[in-house]
Amino acid sequence: MRLVERGRLPRWSGALAVVAAVAVTALLTAGPIRAAGANPAAAYRRYLFTPLTSGTGVAEVLLAATPLLFTGLAVAVAFRAGYYNIGAEGQLLAGTVGAAAVGIFLPDLPALVALPLAGLTGAAAGTLWAAVPAWLRVRGHIDEVVTTLLLNPVALLGVQGLLNGPWRNPETGFPESARLGPGYAIPALLGSRVHWGLVLGLVAVVVVAVVGARTPLGLRIAAAGHAPDAARFSGIRVGRIQVGSALVSGALAGLGGAVQVTGVQHQLTAGISHSYGYTGVVVATLAGLSALGVAAVGLLLGTLTVGAQNAAIVLHLPPQMGDIITALLLLTVVAALVLRRYGLRIRGAT
Amino acid sequence: MTTEERAAGAGAPAGPLVELVGIRKAFGDLVANDGITLDVRPGEIHALLGENGAGKSTLVRVLYGLSRPDAGSIRAGGRAVQIASPADAIAAGLGMVTQEFSLVGPMTVTENVVLAGSRLGRVDLGAARERVRAAADRLGVRVDPDAFVADLSVGERQRVEILKALVGDCRVLILDEPTAVLTPQDARALFTALHRLTAEGMGVLLITHKLHEVVEVAQRVSVLRRGRLTATVDLATPVSTRHLAALMVGAEGLSDPAALGASEAEVTGVTSHPAQASHRSQVRRGMAGADEGRAPDEARVPVTPPALEAYGVRVDGPGRPVLDVDEVLVRAGEIVGVAGVSGNGQTELVQVLCGMRPIDSGRVLVGGADVTHADPMARIALGLGRITEDRRGSVVGVLSVEQNLVLEDLATFRRGPFVDRKAVRRHAERLIAQFDIRARPADAVRTLSGGTMQKVLLARALARDPRALVVAQPTRGLDVGAAAYVHEQLRARRAAGAGVLLVSDDLDEVLSLADRVVVLFEGRVAGVLPGGADPGEVGVLMAGGAAG
């Protein structure tokens, strides 16, 4: 059995592949959901629709989607340039440390100064965390997949070290930082828990989309990512583009970390990232590395997250079921896209 | 080997050991093998001669079951056989030694040999050791069955590969460029061993592009060119390397069927026909003159400034330089051809000139400006146009035709910070019309045929009106019409005053277009000839200057 490339395909076949993937995911998860004692149809309603039927539900979805916008975008930016940054998790954590640091050490700044400073520091910290693997890749041809991935637990250990050591909360004694100064809280949107970080994320989505589709740089990045040799041949400095994309990727993830600190937690905790960086890889892949796709998939996964919490309470489904559905969706979508492009052929046929 | 010896070969059957009949294999629009028929008889070394890309490797891959032919059949020992895998090939009595050996370094010679034929179950290493010894005796070489392969030299490893085939009871041994990795001494030892095998009645199919090897060791030679069998020649009577070179590279003056006879007929002792060859080149000169209003090798037109220069350019490879040219000079308004058997430094020369490969010493100039250390962008800006042999490595498949057309030139297609998409579209539409590109501006380049893709590259390179143009294998895989179009464009560039360096494996193409021909051999300039030179003479230089 082997894969044979198909010829040209109509655009709708891509959408069809995704619909097929969703259907297959539903079929595959129906068994476990039933085994957990729930009606699959009711469960899917909880997962996908219930969160969107109330104002608070929608707010929770947007809140859950916000960090995924940043990490999904970070991963998409790097992947598009042919730089496989799996380290958004570590870069996001570096960003949380950066933002928390200014919030702890300069607590009295007014919001107008404090918030941009926290964002910039977070982005800078994420960039720094991404710079080492990028440098190793360009200088030493060391695979960035390995280095970025392995720096994630290092970042987490760094956060835990800070929280158990110098940054331990002096009032409570818990391994969490002191609360940031009052100027460091991102204002909420429309009186909900949703904050302006969401808007910042959407702005980033638009910027990345426009740069990618409309600018010379976007074309160069696409060329460097898809055909580095041809890009080099055309005079494009591929190494520079990949390093640049790696650093922007780190900055976006770090900014996402800063947004979580200032928008949600208002302090640094060891559990501040619910694997947002890793989920970012899923988001970017499901989005086909498109910036607008990242926004759409971010919202979908946000819905699933909130739906899973809902289903856990109402249907007594294990909360991990949401993660299982997300993971299966990733696998089936990737498989469907491969099968869209390549046909299966049984050996021997000519 | 004399006829007597051949007949004496241990009761060898009279018929061929293996026959390929009408083998055809195409990859997309490239026909790698086009109706190839040849056989290997008992007691002969049958050479398969051809340039890289002529279809030799495809043919042996088909024979050894690594690739399925589109048409044609294979017969072994007079019976039709289906060879769908190497296992089938081994069962049909074939053995193959490739250039990359398939040996396990940390295992002994015996273990490697056993590995080749092992089924499930117990392995009797003692008996295997004896079989290795027996096979080594047949081959007339000394091999320690318990030596670790990792400790052996390249020549010894090759012998182990041959032993593997012999232990597998092969009757026809296929060797793919066996001397490419050997010292001259090892190569002689190899041929001595092969002669012992053919004396037993085995057949050998020897793939090579080294002419002197063919003349020295083979009984017959089949020459492939562009996927077709040019001729099968009996070497019982001496044939010059010059003649074989002409068959291989397709110099028409010598591959004339009238001079050779039909491909099946045995040609006896044809050397070159100077009269005929020079007549041919006269004809070509006449044609070129009619085409262009200029005769390539007549007294030079007034000396024009150099468009492209390379001096003392060296690129080191393993052992010896892969490129070491004293001077390559292209003046404005001329086409300089680069001829040579492929793999003699042409690819490296093109990469160096295009700025895709650093050099170890030397200087490169475009329009008089030193670009030795300049990147492709700077060279493009100075007026260098490039069309390389690696088409797919020159375009970005997922991007559209219009995007690829402006990729080298994005700075001029912008409005503010954005790509000026209307200008890009207009540019593409103009080039599509001008170069007759059969595609729409928004089509992904990946979906185009080879010929159309080549036109996109041509359009991109020529749209900037380059003063120096490096062109490699511009018509490979193109149909006749598309090839003629490319030639016409190159001539037009020359007429417009550009200096063109044309690198091609197709000697006809080089001789018909070029004003001067630089012949490369083993990375060095073997000679510079006027355009329209005698193909036989070029062939001699291509073959390393060996006397014809």
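Numbered from 1 within each chain, the chains take letters A, B, ... in sequence-line order. All values derive from a computational prediction rather than experimental measurement.
In this view, A:Phe79 and A:Tyr84 satisfy the ring-ring contact (aromatic ring centres under 6.0 Å, His included) rule, not counting sequence neighbours. Checked against salt bridge (Lys or Arg N to Asp or Glu O under 4.0 Å), B:Arg467 has no partners two or more places apart in sequence or in another chain.
Taking a cutoff of 4.0 Å between a charged side-chain nitrogen and a carboxylate oxygen, B:Arg414 and B:Asp420 do not qualify as a salt bridge. Salt-bridge annotation for A:Arg237 and B:Asp375: present, with a side-chain N of the basic residue lying under 4.0 Å from a carboxylate O of the acidic one. For B:Arg379 and B:Glu408, the salt-bridge test fails: no basic side-chain N is under 4.0 Å from an acidic carboxylate O.
Looking at B:Thr372, its side chain does come within 3.5 Å of a backbone N or O of B:Val364 through a donor-acceptor pair. At distances below 3.5 Å, at least one donor-acceptor pair connects side-chain atoms of B:Asn404 with backbone N or O atoms of B:Val396. Side-chain N or O atoms of A:Arg80 include one that pairs as donor or acceptor with a backbone N or O of A:Leu289 at under 3.5 Å. In this structure, A:Ser249 contributes its side chain and A:Ala74 its backbone to a donor-acceptor pair below 3.5 Å.
Below 4.5 Å, heavy atoms of chain B meet heavy atoms from A:Thr215, A:Pro216, A:Leu219, A:Arg220, A:Ala222, A:Ala223, A:His226, A:Ala227, all part of residues 215-227 of chain A. Of residues 119-126 of chain A, no residue lies under 4.5 Å from chain B by any heavy-atom pair.
For B:Val395, the part sitting under 4.5 Å from any heavy atom of chain A is the backbone (N, CA, C, O) and nothing else. At a 4.5 Å heavy-atom cutoff, the contact between B:Ile380 and chain A is made by side-chain atoms alone. For B:Arg386, the parts lying under 4.5 angstrom from a heavy atom of chain A are both the backbone and the side chain.
Of the N and O atoms on the side chains of B:Asp390 and B:Gln473, not one donor lies less than 3.5 Å from an acceptor on the other residue.
When each of B:Arg421, B:Arg415, B:Arg460 is checked for heavy-atom pairs under 4.5 Å with chain A, B:Arg421 comes out on top. Considering only heavy-atom pairs separated by less than 4.5 Å from chain A, the leading option among B:Val398, B:Asp409, B:Asp70 is B:Val398. Between chain B and the options A:Gly235, A:Ser234, A:Ala213, the largest number of non-hydrogen pairs under 4.5 Å is found for A:Ser234.
Proximity of A:Val283 to A:Thr71: side-chain heavy atoms (C-beta onward) are nowhere separated by under 4.5 Å. The side-chain heavy atoms of A:Arg232 and B:Pro376, taken from C-beta on, include no pair separated by under 4.5 Å.
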